[in-house]
Amino acid sequence: MEKKDTAIHMPKTDFPMKGNLNQREPEFYKKWEDDKVYEKLLEKRKKENAPSYILHDGPPYANGNIHMGHTLNKVLKDIVVRYRSFKGYYSPYVPGWDCHGMPIEHKVAENLGSRAKTMTKPEIRRLCHEYAMKYVKLQGDQFKRLGIMGDWENPYLTLNKEYETKMVDIFWEMYKNGLVYRGLKPVYWCCRCETALAEAEVEYADHKSTSVFVRFKIKDDSKSKAKPGKDAYVVIWTTTPWTLPANVAIALHPDFDYAVYEAAGEKYILAKGLKTQFEEKTGISGLKEISVFKGRDLEYAVCSHPFVERDSLVINADYVTLETGTGCVHIAPGHGHEDYVAGLKYNLQILNPVDASGHYTNEFELMKGEHVFAANLKIVELLKEKKALLAQEEITHSYAHCWRCKSPIIYRATNQWFISMEKNNFRAKALDEVKNVKWFNEWGEDRISKMISGRPDWCISRQRSWGVPIFVFTCKDCGESIVTEKTIAKVRALIKEEGSDGWFKHTAKEILGEECKCPKCGSGNVDRGNDIFDVWFDSGASSFSVLETRDDLSWPADLYLEGSDQYRGWFQSSLLAAVGFRGKAPFKSVISHGWILDGQGRAMHKSLGNVINPLDLIKKGGADVLRLWVASEDFTADQSISEEIMSRVTDSYRRIRNTFRYMLSAVNDFKKENAVPYEKLSAFDKYALHRMQVLLDSLDKYYERFEFHRVYREFTNLCSTFLSSYYFDVLKDRLYTFKSNGIERRGAQTVIYKMLINLTKAIAPVLAFTADEVWQFIPQELKNENHIQLEKWTNEKEPLLSDEEVQGWEIFNKLRDAALKKIEDKRKEKIINHPYEAVINISYASAKLDRILKKLSKEEVEQMIIVSGVSYSPAGKLEDKEWDFGLEITAGKSDAVKCERCWRYTDTTGSNPEYPGLCSRCVENLG
RNA sequence: GGGCCUUUAGCUCAGUUGGUUAGAGCACUGUGUUGAUAACGCAGGGGUCGAUGGUUCGAGCCCAUCAAGGCCCA
């Protein structure tokens with residue numbers, strides 16, 4: 001008889017232990033693109049008539065490299081979309097970019113330097129366009145590097161014609177509904193450049209100003225609680241005397257103490273805490289306190305303006321401080337932002353007696369034509385003349401200057417376009433729609449409701465070049481703003497054809513043709529407006545501009561998923577645009593993620609030097625590790641990232657990778673026809689399948705609820721606690737030493753194969769690259785599709801065990817742990833080393849345990865505890881008590897002989913003279 | 001200053017309607033294997049649950065105040 005090969009069946013695979021992700025992932029992405037995986041997936045689902053699930057992408061700003069915030073956001077979306085696709089949904093992902101706005105215009109202007117002034121708007125816009133497109137491409141490539149799947153060939157851009165065309169419709173609908181109105185609002189204004197400035201264009205530098213103490217005589221105290229009398233004066237302090245002509249109110253802090261003081265026969269009202277300072281500055285001494293009241297008590301008293309025939313109302317404002325001045329603040333809503341806000345609250349008049357070049361208009365007849373900065377001294381003279389000036393001094397303080405011409409700037413009320421929150425019950429409607437949305441963050445609804453309740457009217461106009469024009473014409477003769485059905489039709493055609501560039505290239509006459517006529521005065525002297533939309537209006541329009549203009553998408557979206565800053569931003573602008581346009585919320589559900597912080601929980605700042613760059617992390621560890629990090633934390637709260645955290649995630653990735661590697665190697669010689677039917681599997685195998693099914697069911701639930709950190713936890717826990725340390729460890733004996741085509745080995749492979757397929761699918765939404773890499777190693781005949789993305793979450797479920805059976809296994813596992821502990825004790829005593837050197841005896845008195853053990857053969861138990869021998873010593877009379885009743889486990893060293901093939905210590909080793917080193921089981925299992 | 005949120009072992013997370021010595025995985029330490037080896041097993045140490053006060057027979061869980069941190073406003 002020929003001697004058989006005694007070699008064992010070692011696991012084998014070419015799947016590398018080391019991921020080498022930074023090199024490999026881009027190759028994978030390329031393969032996805034070459035194989036048109038995304039397109040095929042959508043086609044396939046469409047053919048299946050799958051229900052759709054639309055996640056609408058919030059557009060990042062097309063500027064700069066991607067940072068951790070982008071990474072978090074896009075990976076989360078990708079997990080959602082991939083999961084939904086797996087579950088059989090038609091789930092297209094159309095990424096978008098926010099392309100207009102200040103930052104880009106600012107950068108372009110910066111690059112141009114002094115040349116900017118000589119360029120026309122269309123020329124500057126062309127450069128802005130190029131700039132935006134450059135970053136669309138750059139960020140797009142970076143997003144792809146993260147493994148994000150979507151329609152990258154055809155993203156949506158807020159500068160696209162069809163996008164802008166939809167904005168015409170939205171604007172017109174809101175205009176028709178009376179939501180849009182024109183009003184005054186102060187903006188930063190450079191009188192020298194004669195232009196509005198954005199926050200980012202303002203620089204601060206020291207500036208010398210004349211500050212003045214001015215008294216306002218009380219005219220009527222009948223409406224206020226405090227009654228200081230008509231001979232008292234409220235004293236204000238200001239560093240901008242030129243704004244006094246626009247004064248309409250005086251603000252006091254509601255909670256501060258104010259007093260009426262008497263000196264030299266005059267009564268002055270100022271904050272109690274500033275009395276001494278007041279005496280020093282004005283030289284008025286010996287102030288005698290007459291009465292004291294809270295700021296709120298003087299609310300609604302009326303003063304007389306010192307040099308204009310006008311009332312000045314006493315109001316309350318929380319931002320009043322006691323740092324300098326008198327605690328009584330001069331309010332000119334046309335010349336200050338806070339003044340403006342206070343003005344809205346008290347319905348104050350917004351006055352703007354200053355023209356674009358900084359000269360007083362005839363609204364302030366007295367100094368008409370005077371430049372406001374030069375007028376300061378004249379105002380002082382005027383105050384003296386009116387006996388209203390109590391003191392003046394020159395002070396140097398930080399003051400806003402124009403970034404371009406470096407001259408000091410002013411706040412100047414200008415005409416702006418607004419969306420009213422009140423007309424047609426708009427605010428109430430928006431709040432109602434909030435209630436129809438599922439806010440996955442429990443506090444989300446509360447947060448956005450409060451914001452909408454408290455927000456002012458939405459100012460949608462900006463005085464810039466890089467944006468979508470507000471589709472309004474102006475009559476140069478009568479000043480009428482012209483928006484009619486006919487002009488809108490013309491504008492719509494223009495935008496559709498040329499995009500908003502057309503607006504800036506053509507005159508009103510060219511755009512409107514025979515419609516170029518003021519409907520009010522009939523003049524043909526019509527100009528196109530120069531304002532553009534606030535970029536939040538651009539992006540707020542996206543639900544319509546994108547979902548309604550693409551065949552593959554539909555409105556409303558199933559989900560918006562953005563950072564928590566978007567309750568104020570995009571969630572809100574989208575909601576308002578949608579309620580204004582269609583009366584409905586644009587999303588069925590919303591979930592927000594937190595901010596990314598460093599290891600200490602601090603925000604990342606360049607100045608703190610704690611900024612972590614995702615591109616660096618990808619280079620170091622690969623995108624899948626980064627994706628795993630995203631999944632590992634509870635994204636609804638803020639999340640931390642640090643070297644330690646990444647190092648933990650990397651460890652965890654390696655564990656997962658190796659688990660897959662082991663599964664691949666264990667089924668390397670497995671074929672479909674080798675599969676063992678469920679009924680013929682061992683009890684332990686059935687238990688393993690049960691565990692797998694329980695895991696899959698919870699993962700499914702967690703994905704659906706966006707609880708990815710639970711997916712991560714359950715998945716890694718199963719890999720460690722059940723698979724590596726238990727099931728696979730136990731299976732080694734069967735896989736390596738049993739007959740290669742025997743039922744024991746094939747049974748084990750059947751289970752591992754099922755796990756391999758299902759676990760790869762289950763983690764594929766997170767580990768996009770690795771899952772597909774694993775997939776490539778699965779033999780063709782064992783899978784349906786070449787790429788895992790095209791597969792579906794498995795529908796057929798493995799049978800679950802009964803509760804009683806599960807309980808039995810839980811008890812057995814505890815018994816196993818107890819046995820391992822005993823063996824460990826012997827190892828510490830240096831009695832044994834390898835587990836197979838051990839034999840154990842289990843003596844017990846529980847009938848419960850007896851029933852459990854009787855269901856298993858001795859060989860199975862030996863295998864599962866991984867020892868060479870198990871013996872039982874049941875008590876003579878078993879009692880129906882807890883499983884560990886009377887339990888005693890002893891471990892010892894086997895005195896049998898080691899089989900050199902399976903390493904077990906057995907009495908049969910050497911019983912066959914042909915194979916002297918082998919045990920009888922091994923001899924039987926050769927081949 | 002206001003609205004909303006976060007705070008449990010080194011890290012990431014669990015902790016059901018308040019009820020006995022607060023859990024998991026990873027990391028760490030020790031150790032075994034060398035037939036998953038840049039891998040795998042076993043065992044062990046580690047937290048006064050951000051702080052203080054209160055309600056209660058009893059609080060990580062309820063209430064109040066404070067602190068640190070975050071987003072959005074001012």
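Chain identifiers are assigned alphabetically (A, B, ...) following the order of the sequence lines, protein sequences preceding nucleic acid strands; residue numbering begins at 1 within each chain. Only this structure's heavy atoms are used, side chains among them; waters, hydrogens and symmetry mates stay out. Since the model is a prediction, treat every value here as computed from it, not as a measurement.
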- Message: Looking only at side-chain N and O atoms, does A/Asp634 offer a donor or acceptor that is under 3.5 Å from a partner on A/Gln639?
- Response: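 Judged by distance alone, the side chains do not pair up.
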Under 3.5 Å, sequence neighbours excluded: what are the donor-acceptor pairs made by side chains of residues 568-577 of chain A?
from: A/Trp570; atom 1: NE1; to: A/Ser539; atom 2: O; distance (Å): 2.9
from: A/Trp570; atom 1: NE1; to: A/Ser574; atom 2: OG; distance (Å): 3.2
from: A/Gln572; atom 1: OE1; to: A/Arg455; atom 2: NH1; distance (Å): 2.8
from: A/Gln572; atom 1: NE2; to: A/Tyr567; atom 2: O; distance (Å): 3.2
from: A/Ser573; atom 1: OG; to: A/Trp536; atom 2: O; distance (Å): 3.4
from: A/Ser573; atom 1: OG; to: A/Gly569; atom 2: O; distance (Å): 3.4
from: A/Ser573; atom 1: OG; to: A/Trp570; atom 2: O; distance (Å): 3.4
from: A/Ser574; atom 1: OG; to: A/Trp570; atom 2: O; distance (Å): 2.8

Looking for any heavy atom pair under 4.0 Å, which part of the strands does [X] touch: base, sugar-phosphate only, or nothing?
X: A/Ile645; answer: sugar-phosphate
X: A/Ser564; answer: sugar-phosphate
X: A/Arg447; answer: base
X: A/Trp903; answer: base
X: A/Asn658; answer: base
X: A/Asp825; answer: nothing
X: A/Arg648; answer: base
X: A/Arg901; answer: base

- Which residues within residues 700-710 of chain A lie with some heavy atom under 4.0 Å of an atom in RNA chain B?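 Correct list: A/His709, A/Arg710.
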Going by the rule side chain to side chain contact (heavy atoms under 4.5 Å, CB included), which residues pair with [X] if we only count those two or more places apart in sequence or in a different chain?
X: A/Val535; value: A/Asp98, A/His100
X: A/Asn316; value: A/Leu252, A/Pro254, A/Arg296, A/Glu299, A/Tyr346
X: A/Arg901; value: A/Thr6, A/Ile8, A/His9, A/Thr737, A/Cys899, A/Leu918, A/Cys922, A/Leu926
X: A/Asn925; value: A/Phe738, A/Lys739, A/Arg921

- Qualifying residues under ring pair (Phe, Tyr, Trp, His ring centres under 6.0 Å), relative to A/Phe537, sequence neighbours excluded: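 A/Phe537 satisfies ring pair (Phe, Tyr, Trp, His ring centres under 6.0 Å) with A/Trp458, A/Phe533 only.
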- Paired stretches of RNA chain B - 3 or more consecutive Watson-Crick or G-U pairs, each distance under 3.5 Å: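 Output for stems: B:1-7 with B:67-73, B:10-13 with B:23-26, B:28-32 with B:40-44, B:50-54 with B:62-66.
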- What residue pairs, at least two apart or across chains, pass salt bridge (Lys or Arg N to Asp or Glu O under 4.0 Å) with a residue in residues 10-24 of chain A?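 Those involving residues 10-24 of chain A are A/Arg24-A/Glu773.
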- Message: Show every side-chain hydrogen bond (donor to acceptor under 3.5 Å, both in side chains) that has at least one partner inside residues 437-452 of chain A, sequence neighbours left out.
- Response: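 Non-adjacent pairs meeting side-chain hydrogen bond (donor to acceptor under 3.5 Å, both in side chains): A/Asn441-A/Ser592.
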- Message: Could you tell me the boundaries of the chain A footprint on RNA chain B, defined by atoms under 4.0 Å from its heavy atoms?
- Response: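 Listed 5' to 3', the contact boundaries are B/G3 to B/A74.
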Distance-only criterion, 3.5 Å: show the donor-acceptor pairs between side-chain atoms of residues 710-721 of chain A and protein atoms not counting sequence neighbours.
from: A/Tyr712; atom 1: OH; to: A/Ser652; atom 2: OG; distance (Å): 3.0
from: A/Thr716; atom 1: OG1; to: A/Tyr712; atom 2: O; distance (Å): 2.8
from: A/Thr716; atom 1: OG1; to: A/Arg713; atom 2: O; distance (Å): 3.2
from: A/Ser720; atom 1: OG; to: A/Thr716; atom 2: O; distance (Å): 3.2
from: A/Thr721; atom 1: OG1; to: A/Asn717; atom 2: O; distance (Å): 2.6

- Task: Provide the distance between the two C1' atoms, one in B/U56 and one in B/A9, to the nearest whole Å.
- Result: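 Going atom to atom, C1' in each nucleotide, I get 29 Å.
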